[in-house]
K.L.:
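Sharing a structure with you now.
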There are 2 protein chains.
Amino acid sequence: MDRRQRKTREAIFNAFTGLLAKKDFAAITVGEIIEKADVGRATFYAHFETKDYLLKELNEELFCHVFDSMMDSAVNHRHIFDCKESDSLFLHLLYHIYRNDNHILDLFSSVNNELFLRYFKNCMINLLSARKDVTEKSKPKNVPSDFWINHIASAFIECIRWWTDGNAHLAPSEVSDYFLVSVNLKEDFDEKNVDCC
Amino acid sequence: MDRRQRKTREAIFNAFTGLLAKKDFAAITVGEIIEKADVGRATFYAHFETKDYLLKELNEELFCHVFDSMMDSAVNHRHIFDCKESDSLFLHLLYHIYRNDNHILDLFSSVNNELFLRYFKNCMINLLSARKDVTEKSKPKNVPSDFWINHIASAFIECIRWWTDGNAHLAPSEVSDYFLVSVNLKEDFDEKNVDCC
DNA sequence: CAGAAATCGAACATTCTGTTCGCTTTTATG
DNA sequence: CATAAAAGCGAACAGAATGTTCGATTTCTG
């Protein structure tokens, strides 16, 4: 890829994430983006068909490698899902989000775009489907698998939204615990301690 | 309220829900609405500030009375949440949706509007908060109440979306079971039977 | 019936979108 | 290094949608 192309792409992404931090996706115009990115209008449209595609490509830029590497781990090294570390998958994602590179957090914020959430949920579902045998363990009997996978994926996303939306002071590990317990991927963490005493 | 106002309002709502059945909220224009409703442009704006407000008022028209009456039941007649009928609340809502008056189903469909889901979720959270003592029973220890309430409300909505989005052939009672089991408001329904044998 | 209120419809400024085109700068290649 | 191909510029443009305005007309209310 041409250096000019890379630079333009980068400039547009930066301008876009910068704007996303301040306002709704829907409220952002192409005009604002190109002004902030300092590129020509025609150039923008040469790179991205529409504003929606821009978001889609940003999503992929931000998350594809994460999900892909997880998918690999899931398939190759089962440990990422293994008993003791059954939470490492989710915790890893939460840390990734926590670091907030490129304002990832803003993408989850409740005022923002359905499009991104749809994409993210899809990735989660794919990932979980690749290791059905594990989700199957926590699944209540007689509930369909795809219902359960959808439930876990949705719950994870909504958990993140709850986190970013007024509970941002909590640590990823804490949020991870809440989530895992809620979807039966972990026993109640303090109950254990109580049992021990 | 003037008969003319009522009629105009009604016509706009009908045109709007009709269009929602066919296309995304975002893709619907005011022009289409007024054409289908057969009212003047100025008239539309005399009734609704924007398209978003139209959706908001439609939401209220469709769901306010349901949530309000449930809220009353929750406060006055505790039975709606009582052990045996702990599911009647959700089942009631599912039936309401199932009847699909005014194309309620379309509002949940994944291609549609974040705005409506936000509204609906808010109603659910209010409703559940009014009977915290019940959600508290199913709540895992050491998970914050508001996390748990958010979890249940979200899970319910995502359950409906799963239902309307490719599993519409299932009966409300079945979906209700899946949901309740998933959030620990009911024991696994068939496990019981197994126990009996 | 008379005044008030709602609607009409047609026009209007404004904003945003997505495209086009001729010209300039940058890059890759032989 | 020379040069053609690729990328970007910027200005202009048509088209669509938004939200407003206003005088004329219809419908309601008292």
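Every value quoted in this text rests on a predicted model; they were computed, and no experiment measured them. No hydrogens, no waters, no symmetry mates; every other heavy atom, side chains included, goes into these values. Proteins come first, then strands; the chains are lettered A, B, ... in the order of their sequence lines, and each starts at number 1.
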K.L.:
In whole Å, what is the span from the CD atom of A/Q5 to the P atom of D/dA5?
P.N.:
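Distance check: A/Q5 CD to D/dA5 P gives 17 Å.
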
K.L.:
Through what angle, rounded to 10 degrees, does the axis of the helix from C/dC1-D/dG30 to C/dG30-D/dC1 turn between its ends, using five pairs per end?
P.N.:
30°

K.L.:
Could you pull out all residues at least two apart from A/W163 that satisfy side chain to side chain donor-acceptor pair (under 3.5 Å)?
P.N.:
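For A/W163, no residue satisfies side chain to side chain donor-acceptor pair (under 3.5 Å) once neighbours in sequence are set aside.
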
K.L.:
List the residues meeting side chain to side chain contact (heavy atoms under 4.5 Å, CB included) with A/L105, not counting sequence neighbours, and say none if there are none.
P.N.:
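Partners of A/L105 by the side chain to side chain contact (heavy atoms under 4.5 Å, CB included) criterion, ordered by chain and then number, come out as A/I97, A/N100, A/T164.
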
K.L.:
Determine which pairs satisfy side-chain hydrogen bond (donor to acceptor under 3.5 Å, both in side chains) with at least one residue from residues 43-62 of chain B, sequence neighbours left out, and list them in order.
P.N.:
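Residue pairs passing side-chain hydrogen bond (donor to acceptor under 3.5 Å, both in side chains), neighbours aside: B/R9-B/E57.
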
K.L.:
Considering residues at least two apart in sequence or located in another chain, which fulfil the side chain to side chain donor-acceptor pair (under 3.5 Å) criterion with B/K139?
P.N.:
none

K.L.:
Both B/D38 and B/R41 contact DNA chain C. Which one's nearest nucleotide lies toward the 5' end?
P.N.:
B/D38

K.L.:
Check the pair B/F116, B/F25 against ring pair (Phe, Tyr, Trp, His ring centres under 6.0 Å), reporting the backbone distance first and the verdict last.
P.N.:
CA-CA 10 Å; B/F116 163 72; B/F25 170 72; over 10 Å; no

K.L.:
Between A/Y98 and A/Y95, how do the two ring planes meet: parallel, tilted or perpendicular, split at 30° and 60°?
P.N.:
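It falls in the perpendicular class, over 60°.
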
K.L.:
Does anything in residues 43-55 of chain A reach DNA chain C, meaning a heavy atom under 4.0 Å, and if so which residues?
P.N.:
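DNA chain C contact set from residues 43-55 of chain A: A/Y45, A/T50.
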
K.L.:
With a 4.0 Å cut-off on N to O distance, would you call B/R6 and B/E10 a salt bridge?
P.N.:
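Judged by the 4.0 Å cut-off on N to carboxylate O distance, B/R6 and B/E10 do not form a salt bridge.
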
K.L.:
Going 5' to 3' along nucleotides 22-30 of chain D, which nucleotides have protein heavy atoms under 4.0 Å from the base (write B), which only from the sugar-phosphate (write S), and which from neither (write -)?
P.N.:
----BBS--

K.L.:
Do the ring centers of A/F108 and A/F120 come within less than 6.0 Å of each other?
P.N.:
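Ring-ring flag for A/F108/A/F120: true, centres closer than 6.0 Å.
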
K.L.:
Quick one: salt bridge (Lys or Arg N to Asp or Glu O under 4.0 Å) partners of A/D68, sequence neighbours excluded?
P.N.:
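Checked A/D68 against salt bridge (Lys or Arg N to Asp or Glu O under 4.0 Å); zero matches.
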
K.L.:
Mind checking side chain to side chain contact (heavy atoms under 4.5 Å, CB included) for B/S138 and listing every partner two or more places apart, or none if nothing turns up?
P.N.:
B/W148, B/I152, B/N184, B/L185

K.L.:
Hey, where on DNA chain C does chain A first and last touch, going 5' to 3'? Cut-off is any atom under 4.0 Å from a heavy atom.
P.N.:
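The contact span of chain A on DNA chain C goes from C/dC16 to C/dT27.
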
K.L.:
Name all residues meeting the side chain to side chain donor-acceptor pair (under 3.5 Å) criterion together with B/S145; count only those two or more places apart in sequence or in a different chain, and write none if there are none.
P.N.:
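Side chain to side chain donor-acceptor pair (under 3.5 Å) check on B/S145 returns B/E136.
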
K.L.:
Using a strict cut-off of less than 4.0 Å between a Lys/Arg side-chain nitrogen and an Asp/Glu carboxylate oxygen, indicate whether A/R118 and A/E114 qualify as a salt bridge.
P.N.:
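Yes.
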
K.L.:
Taking side chain to side chain contact (heavy atoms under 4.5 Å, CB included) as the definition, give me every residue that meets it alongside B/A11, ordered by chain and number, with sequence neighbours left out.
P.N.:
B/A37

